[in-house]
Structures are given as structure tokens and as C-alpha cells.
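Naming: A, B, ... by sequence-line order, numbering from 1 per chain.
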Protein chains: 4
Amino acid sequence: MAATSVTSHTPPALAPRRRPKERPAELLKAALGVFASKGYAATRLDDIALKAGVSKGTIYLYFANKEALFMAAIEAGITPLVEAVEALSLDEERPSPERLRAFMLSWWSRIGDTPLSALPRLLVAEGNNFPKAAQWFHDEIVTRVQRALARLIETGIARGELRAVEPMVAARILFAPMFAYLVWRETFGQTLCHLPPPEQFFGLAADLLLAGLVRP
Amino acid sequence: MAATSVTSHTPPALAPRRRPKERPAELLKAALGVFASKGYAATRLDDIALKAGVSKGTIYLYFANKEALFMAAIEAGITPLVEAVEALSLDEERPSPERLRAFMLSWWSRIGDTPLSALPRLLVAEGNNFPKAAQWFHDEIVTRVQRALARLIETGIARGELRAVEPMVAARILFAPMFAYLVWRETFGQTLCHLPPPEQFFGLAADLLLAGLVRP
Amino acid sequence: MAATSVTSHTPPALAPRRRPKERPAELLKAALGVFASKGYAATRLDDIALKAGVSKGTIYLYFANKEALFMAAIEAGITPLVEAVEALSLDEERPSPERLRAFMLSWWSRIGDTPLSALPRLLVAEGNNFPKAAQWFHDEIVTRVQRALARLIETGIARGELRAVEPMVAARILFAPMFAYLVWRETFGQTLCHLPPPEQFFGLAADLLLAGLVRP
Amino acid sequence: MAATSVTSHTPPALAPRRRPKERPAELLKAALGVFASKGYAATRLDDIALKAGVSKGTIYLYFANKEALFMAAIEAGITPLVEAVEALSLDEERPSPERLRAFMLSWWSRIGDTPLSALPRLLVAEGNNFPKAAQWFHDEIVTRVQRALARLIETGIARGELRAVEPMVAARILFAPMFAYLVWRETFGQTLCHLPPPEQFFGLAADLLLAGLVRP
DNA sequence: AATGAATGAGCCTTCATTCAT
DNA sequence: CATGAATGAAGGCTCATTCAT
């Protein structure tokens, strides 16, 4: 009837499972996992589809293209990360040194030791290729943690518990061990690079830094 | 046709002629630059060839394939980094607190503030895809810095200048601000993320951490 | 809650409800429109479904596949075209020159100036990919118009009104302006290609051609 | 060394033949052939590459993408077509009726009966999808033929050989049989649609139309 | 009957790799 | 040594087709 090669489509084979409402979230979760593990360019949509238990074409029912999926996955990762950051221990009743120590430890248990920890390394890796995403991550997460720490320090100074230091700079410094420990573990693996256990690391970090912060 | 003397007088002309001996090094430099900026998968050999002022085929005269070029570029970046690390200030004569402060500042001026700073971020980004390279970088660089710091601390403890802390763990903690500051600047840019100037940052970092280390 | 009578009074509402019997025809109409506008390969079933106000899957309730839909759309277009051709002015009473002129003008008003005009161009475009359809169109439409013209000429010759020419060849020649005008307008647009208005074009065409046909 | 699936390229196999200077023209010729036969959307770059004796990737060394190749192929087809049109018989010495007849016949031998004849049908088919190309074709070819015919008619009128008719409209009408015969043959095939031989067709067409044009 | 989510083959496009010059 | 034309495998994306609901 028709010319050769103009029409020649073969039908699907296996039965599809339908969960339209959950699909986007499942896809985003799978996407974030693969992106975080391989990076943007090395990730094939096939991998994501496979991980999500879905065919490649399904992705395009929910996302315009690879980049849109990436950005959405970042967003889907940032949201709970923001929540986790906001939930970090900030008990105002306790003295400042205790609060700082608790903040560090709760950072680890609520973020560092969870799947949320994949995001920071991903954004460090893709920061150059996706400046918008990097900026966004910085504004939403890094800045937020830093501000929480800075407020904690300011309160401590106001209460006379801490020395008068520049709060935003000190906050960066307090944040550095938290960030570095997480990135190291994500990049090199806990054991491969002989990272001390988190309790020991954050315990000593708090000891050392607080000694400098606390008013004699 | 013309008198021999006439033509033979024409000088060797402006023939600076490329020096094949330097080719590999030029390629590696270009490669490291592009890899560090875009990551492994997003880097095209065309880009590297263009940056090196060479044709794409030339790369294959010196390297077996993209991966070999990548590994060689990493190696070519690690070597001067190791040298820079070894050259970090370790003046044994001065008291320990001064030595630590000097170490931090010389880290910044000799590494953080130089093109060498591109490498750590690249390896954080590609750690998952090239575990061998990551391990290698960790062993050669991270461990080396850490050991230098640990030795410094051990000496300080032995001299009675510093409190008795676990040197390797304390070294990690001291290294964290150095590492974090560098990664932040590479990823988000000095100004975009409102990073304090290095002197202020490392100055306060040394103050705080030393307060915890120094024996009262 | 509310009185039964109140709610039960609400009328059967505005439920004009689709009439499944007309579905296939609506689909064919939509299909022909899109196929004619974009060609077979560039047409997506989505477009057709959208235009028909139906979901994509519905198409498969009535047609085996895209090709079957295409052929059916062609057929659905050919049928009224055949009818229109058969209805073209053939008043045997009038003298042959008048009959020819009337034939041309009624071609334009009954076919050229209606949606039926989309079909010829579509078949010119897809003739190579769908030779069966092309042959079919030619046999049903082109040949029919030609035969009508040829009969008209034969009668005129028999009556002594027209010169003795090969009727089938002369018919082709008379058909050429009709066909060309239609294709030009469909392809380039009436105004974009500065086509003269149909009355002028067909008037002059009839003048010129009849001068050659009519017996001096 | 590297992570699985990050790098896994296999080398080419067969020896490439190098004719860089002739490549673009070969590609354009092959492309025009396939596009004209199947239409834009149904044409696969593989087909073109195969026909040009080249691999698919080679196309992208010379053309940005499928559409650019299409437009370039059109252009490559239009150029010789314009030349052929300009070379159509316009011998001013002979009387106008002879000139018109010669014009028609030379149209057929120089264009209709050559590979150049593929282009008009292609542009009729793709006119809706590529309006720019259609407009271009119309301005370059259709208008040019029409103007040549119109000038011929004007001269004939000025010489008193032809009746006073609107030259541009009459030109369209004279062009119609030429255009229609070509499109019919391209679409339905010479024999399949019982097209009379060109000499007979154009001979009678000239007879009929000239009878209307020539001054009694 | 109708829907629309899901599928997967296929096509355009890229790019690491090769090789004749 | 160096080039750059050529290759072809792979990946992003589309869309005809199916099927559970």
C-alpha cells in the first residue's frame, strides 16, 4: 500500500503499570540518584528510566528534556534539604556552646548521614555547567545554614557567652568542617580515606572551635 | 636562476617552529583546564585541541584515548600540587601556633590562589566515575597535607605547646576550612557567594582553632 | 440536606452528548485537514486527535493505523470530489464554446474555491510514497474530469462546432489551467504569488483556448 | 580505571575515501534526489548518506542539520534551474507565434525532460512546511518563466502580431500546460496516467493557445 | 466507547577515534 | 609529526501504537 519505510511501527510488548500521580516523584528520585552518582553529562536517561522502573519515553511525559529533569531533580532535592536545615537544633534555652555543639551533631544526623548528602557534591560538580542551579543551591542551603550559625553566634555574643567576632565569617568557619566532612565522605568514601567517625570528628571540631569562641 | 648567494642569504626566516618536545605538556595543560571547567563527560577533545592550538588528531599521537589523557592531565596537575604542598611553610624553629597560622596562609597563597586550585574540585566532581584517580589524589594530596598538619601538631604537643589531641583528627579539622574555602570559591565564585577575603577567613579560622589547640 | 424536590428539579442539564455514529466522519475530516496541510510523515496523530476533539487512542477504535487513516481520509475526500466533478456544468443544450467556458467556471466555484481543493495538492505531494492512492486519485478524478472534457469536445466536433482535434489530448490541455491555478493557490497562496483573480484567469483561458478549438 | 559506561567507544572499520572538495556537491545532489522522492519528513539522513556513498556523520561536516541540508539542496537545485530558464529559447528575430511554440518545446527539453523537473513538485509538496523556500522558488523560477513569457507577449503585441491581452495573465495561462504536464508526469508517471507524448501535448497546446493570441 | 499513560523502535545529532595524506 | 576528513556507535527525543481503566 504505502511506500516502503514510510510506515513500519511495531507495537509495545509488556504490560504497563499505571501510577500517574506518583510517577513524577519517582522519576525525580531516580534522577537525583543517578545524576548525583555520575554527574549530568555522563547520566543516560536510560539509566534513570531503568532505576525508576519505567521506559525512557515515560520521562518525556513529565519533563521537557534532560536539563528540565535535572533542574527539577535539584529542586526536588533542595526542598527537603531546606526543611532539614530549618529543623536543625536551635534550642534557645541552652547556653551557646551547647547549642553550637548540638547544631553540628544534628547537621550530621539529619543531613550528612542521609541521602540528602548527595546534593551538595552534585552541585559542586555541576556548578560550572549550571550556574543558575549553583547560585540557587547556595542561596537556599549554604546561606541558610550560615545564617542560622551566625544568629546563634550573635545571640551568644549578646548574652556575653561568646567573644565578639564577625558572626558571618565565624559562621563560615564553623560550617567548613561540616561541609568538608560531607564532601570527603561522598567523594572518597568513609573508609577509603580514613575519615574519623563523625562523633569524634564533630566532637573535636566543636571543642577546638568553641575554645576560640567562648569568652574566657 | 638567481645567484645562489642571493637566495641563500635569506635567513632561516621567522620559523619559531613548534617544539614537539613540549607538545604533551601543552596538551596536558589545556586538557586540565577544560576538564576542570566542564568535567570529564562534557569535555570534547575538540575543545582541548582548540585550546592547545592543535588538531584533534594530534592528541592521539600522545595519548591513547580520552581517558588516558584525563588521567595524564590529573597526574600533570597532581605533581606540581604535591610540590606545592611539600613547600608549605613548616619552619620548625617558630612556636607551634605561629607555624599553624603560617601553614594556613601559605596554603592559600601557594595553592588556593593559583591555578592549582582547579584540581581538587575536579576530583570531587569525578570521584565517582574515576575512583582510581580519586584515591590517588587523596593519597597524594589530602593525606600529605593532613600528615604535615598532624606532624606539626604532634611536635607542638611534644614541646608542650599544644594540648594533647588526636593529631590525625585535629589535622582533618584544621584542613577543613582550607578545603572548604577553596571549593566554595571554585564552585560559586568569590563574590557571588559573599566569601570573606582569605586573610580574614584564615585569620579568624586560625584564631578560633588555635584557641582550642593551645595549652592554656 | 436540601429538600429532595429542589435538587431533583435540576434538569438533565446541558448534555448534548457526543454522537458516536459521527465519530469516524469527524476523524476523517480532521485527518484530511492535517494531512493536507503538513503531509503524511509530518502529521502527528496527536494533531488529528486534537483537531477532532478526541483522544489519540480513540483513533485506533476506528482505524487500524496511521496509514489506514490516511487512505480512509483520502477516500473520504475523493468521494465528494467525484460528486462535485460529476456535477460540473455539462448542459448539452448550449453550444460547445459556452459549455466549455461554463465547465471551467463551475470547476472553480464547485471545487477550486472549496475545501475540496486541498486534495489534489496532497496527492501530488504523497504520490511517490503512496502510489496506490495516487493511481486511485488519478483514475477517479483526473481521468473523470478529462473524460468529461473530452466528451464535450467530441460532441462539439460531431456537431461541427469545434475543429477536429484529438479529444483526450485537448482535454488534458483544457484541464491544465484548472489544475495549475488550483495547485499554485494551494502552494503559494493567492496573493503571495500574485495570482490573477479566478474570473480573469479562467475567462482569458477560455478565450484563448476556445479560439483554437472553435471552427472558424 | 574509569567507571563503567563512562567511556566505551569502538573504532571505525572501513577505509574512508577522501574527496573533500566534491563532497558538498555530491551530498546536495543525493539529498535533492531523496528529498524530491520521499519528501522532507520521510527522508532519513541515512538514505542520503547511503546514496552519496558516505556515512551519516559526514553530512554534519558540511551542513548544520537536516533542515539546512534541505535548504541547501533546494538552492543547489534552483541555481541550475534558473540558468535553464534563462537559456530558454527567446529568439527575437522570429515571429511571435513561432517564438512561443519554441519556448514551450525548449522548456520541455531543457527542464521537463531533465532531473531539474524534480524540484517543482518537491516545492509544491513542502510549500506549507517551508514557506520561505516556496516563496523563494516562486520568485526565482515561476516568476522568471512568467516574465519571459509576458515579455514575449508584449513584444508580439507591440509588433502587431498578437492581440492586446493582459500579458501577465496570458503568461500564466501559457505556463499552465507546461507546469501541469511536468507535475503530472512527476506525480503519476508518464505511462501510468496515459499522458500524451510531450511533442503532441505541447504542439496542440501551442496551436490552441496561439489561435487565441494571434491577431486574426 | 473513550481515555491517556506507557512503551520502544527509530531518527537526528554528537563526538571519540581512525587513517590517508 | 601533524592534519582534518571520515566513521559509526551512542544518546536525546519523538511519536505510532497498545492497553488497563
Pairing partner (Watson-Crick or G-U wobble, both distances under 3.5 angstrom) of E:dT14: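 Across all strands, the one nucleotide that pairs with E:dT14 is F:dA9.
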
Using purine N1 to pyrimidine N3 plus N6-O4 or O6-N4 for Watson-Crick, or N1-O2 and O6-N3 for G-U wobble, each under 3.5 Å, what pairs with E:dA20?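 The base-pairing partner of E:dA20, which may sit in any strand shown, is F:dT3.
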
Counting only side-chain nitrogens and oxygens, does [X] get under 4.0 Å of the OP1 or OP2 atom of [N]?
{"X": "B:Tyr62", "N": "F:dA2", "result": "yes"}
{"X": "B:Ser55", "N": "F:dT3", "result": "yes"}
{"X": "A:Arg23", "N": "E:dA6", "result": "yes"}

Hey, is the side chain of B:Lys56 pairing donor to acceptor with the base of E:dT17 inside 3.5 Å?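 Such a pair exists between side chain and base.
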
Quickly work out the [X] [atom1] to [N] [atom2] distance and round it to whole Å.
{"X": "A:Arg44", "N": "F:dA9", "atom1": "CZ", "atom2": "P", "result": "16 Å"}
{"X": "B:Leu27", "N": "F:dC1", "atom1": "CG", "atom2": "P", "result": "12 Å"}
{"X": "D:Lys66", "N": "E:dG10", "atom1": "NZ", "atom2": "C1'", "result": "12 Å"}

Does C:Tyr40 have C:Lys66 sitting over its ring (NZ/CZ under 6.0 Å from centre, angle to axis within 45°)?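 Ring-cation test returns yes.
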
Checking all strands, does A:Leu61 fall into the base, sugar-phosphate, or nothing category for heavy-atom contacts under 4.0 angstrom?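 Contact class for A:Leu61: base.
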
Got a second to check how far D:Lys38's NZ is from C:Glu126's CD, nearest 0.5 Å?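 Interatomic distance, D:Lys38 NZ to C:Glu126 CD, rounded to 0.5 Å: 12.5 Å.
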
CG on B:Leu81 to CD1 on B:Ile74, rounded to 0.5 Å: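 CG of B:Leu81 is found 11.0 Å from CD1 of B:Ile74.
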
Heavy-atom pair with the smallest gap, counting every atom of B:Ala49 and B:Ser55: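 That closest heavy-atom pairing would be CB-C, 3.8 Å.
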
Nearest nucleotide by nearest heavy atom, which residue falls closer to the 5' end of DNA chain E, D:Asp46 or A:Ile59?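 So the residue in question is A:Ile59.
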
Between D:Asn65 and A:Gly57, which has a closest nucleotide on DNA chain E that is more 5'?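 It is A:Gly57, whose closest nucleotide lies nearer the 5' terminus.
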
Would C:Tyr60 and C:Leu45 satisfy side-chain contact (heavy atoms from CB on, under 4.5 Å), going step by step from the backbone distance to the final call? CA-CA 10 Å; C:Tyr60 286 85; C:Leu45 293 192; 3.3 Å; yes

Taking the nucleotide of DNA chain F with the nearest heavy atom to each, does A:Tyr40 or B:Thr58 sit closer to the 5' end?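 The 5'-side residue here is B:Thr58.
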
Between C:Tyr60 and A:Ala64, just flag the one whose closest nucleotide in DNA chain F comes earlier from the 5' side.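 Closer to the 5' end of DNA chain F: A:Ala64.
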
